[in-house]
Amino acid sequence: MQANIQAEILNIGDELLNGQVLNTNASAIATMLNRIGVKVAEILTIGDDTQAIEQSFAEGLKKYQLLIVTGGLGTTKDDITKKSICNYFHVGLKDNLQMKQHIKEVV
């Protein structure tokens, strides 16, 4: 990786903001990015809000070459992150059975 790449880590989840879950993702991701020469310029934590997700996503993509999006508890039934990002890109989700099988094998 080139040393001039700057990144933002965007953390999404009410559980991160209310202290229910410790944000260890940001620290781990920042450490890994720094090891490969990517400078983490910003770490942002926002709640589960469609408008905030889409706005933060748009701003992060404008400012940085790399945007890492992560959450707190993982995918839950009330998770809106995927839907918000799909709305931003004007696309839908597709089921990838091959990838599902691969994930099952490695987990």
Side-chain angles (χ1 to χ4, degrees):
M1 275 267 163
Q2 296 178 3
N4 59 353
I5 293 177
Q6 291 192 337
E8 176 185 342
I9 301 171
L10 175 59
N11 305 277
I12 302 172
D14 290 338
E15 66 278 5
L16 295 169
L17 291 174
N18 66 24
Q20 181 183 352
V21 173
L22 184 62
N23 190 358
T24 57
N25 285 349
S27 175
I29 294 168
T31 299
M32 288 184 254
L33 290 174
N34 280 297
R35 280 187 194 144
I36 62 171
V38 175
K39 179 182 180 199
V40 177
E42 187 171 355
I43 297 175
L44 179 64
T45 303
I46 60 171
D48 292 307
D49 176 82
T50 299
Q51 185 176 353
I53 293 170
E54 290 183 26
Q55 181 179 350
S56 298
F57 200 80
E59 290 173 6
L61 289 174
K62 285 179 190 171
K63 294 193 306 191
Y64 304 108
Q65 294 84 17
L66 179 62
L67 176 63
I68 305 287
V69 181
T70 184
L73 292 175
T75 305
T76 56
K77 291 183 182 193
D78 62 343
D79 183 48
I80 60 169
T81 302
K82 290 183 288 194
K83 182 180 178 188
S84 299
I85 292 173
C86 285
N87 286 340
Y88 176 82
F89 283 111
H90 306 289
V91 297
L93 292 173
K94 290 186 179 179
D95 233 359
N96 185 325
L97 299 177
Q98 235 181 338
M99 185 56 66
K100 276 185 181 180
Q101 183 59 39
H102 176 71
I103 292 170
K104 286 179 184 177
E105 290 170 5
V106 297
V107 174

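All residue numbers refer to positions in the sequence shown, counting from 1. Worth saying up front: this structure is predicted, and the values here are computed from it rather than measured.
In terms of hydrophobic clustering, with Ile, Leu, Val, Met, Phe, Trp and Tyr side chains grouped at heavy-atom distances under 4.5 Å, M32 and L66 are assigned to different clusters. Residues I36 and V40 share a hydrophobic cluster, clusters being chains of Ile/Leu/Val/Met/Phe/Trp/Tyr side chains in contact below 4.5 Å. Hydrophobic clustering (side-chain heavy atoms under 4.5 Å, transitive across Ile, Leu, Val, Met, Phe, Trp, Tyr) keeps L17 apart from I12. Linking Ile, Leu, Val, Met, Phe, Trp and Tyr residues whenever their side-chain heavy atoms come within less than 4.5 Å places V91 and I85 in a single cluster. Both I43 and I29 are members of a single hydrophobic cluster when ILVMFWY side chains are connected at heavy-atom separations under 4.5 Å.
Although no hydrogens or angles enter the test, the distance criterion places a donor-acceptor pair under 3.5 Å between the side chain of D14 and the main chain of D48. The backbone N or O of Q20 lies less than 3.5 Å from a partner atom in the side chain of N18, making a donor-acceptor pair. Side-chain atoms of N34 never come within 3.5 Å of backbone atoms of K39 as a donor-acceptor pair (strictly under, hydrogens ignored).
Within 6.0 Å of NZ in K63 there are more than 12 heavy atoms belonging to other residues, nucleotides or ligands. For CD of Q51, the number of neighbouring non-hydrogen atoms (other residues, nucleotides, ligands) closer than 6.0 Å is 12 at most.
Considering OH of Y88 and CD of Q55, their distance stands at 11.0 Å, rounded to 0.5 Å. Atom CG of residue L16 and atom CG of residue N25 lie 7.5 Å apart, to the nearest 0.5 angstrom. Atom CG of N87 sits about 13.5 Å away from atom NZ of K82, to the nearest 0.5 Å.
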Apply side-chain contact (heavy atoms from CB on, under 4.5 Å) to I53 and T81, showing your working.
CA-CA 7 Å; I53 293 170; T81 302; 4.1 Å; yes

Pair V38, Q6 - check side-chain contact (heavy atoms from CB on, under 4.5 Å), show working.
CA-CA 6 Å; V38 175; Q6 291 192 337; over 6 Å; no

Does E54 form a side-chain contact (heavy atoms from CB on, under 4.5 Å) with T50? I'd like the steps, not just the answer.
CA-CA 6 Å; E54 290 183 26; T50 299; 3.4 Å; yes

L44 and N11: side-chain contact (heavy atoms from CB on, under 4.5 Å), yes or no, with the steps?
CA-CA 6 Å; L44 179 64; N11 305 277; 5.8 Å; no

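Taking every heavy atom of both residues into account, G92 and C86 meet most closely at C-SG, 4.1 Å.
Put simply, the side chain of L67 reaches to within 4.5 Å of the side chain of L10, judged on heavy atoms. Side-chain contact between E42 and I9 is absent, with no heavy atoms from C-beta onward closer than 4.5 Å.
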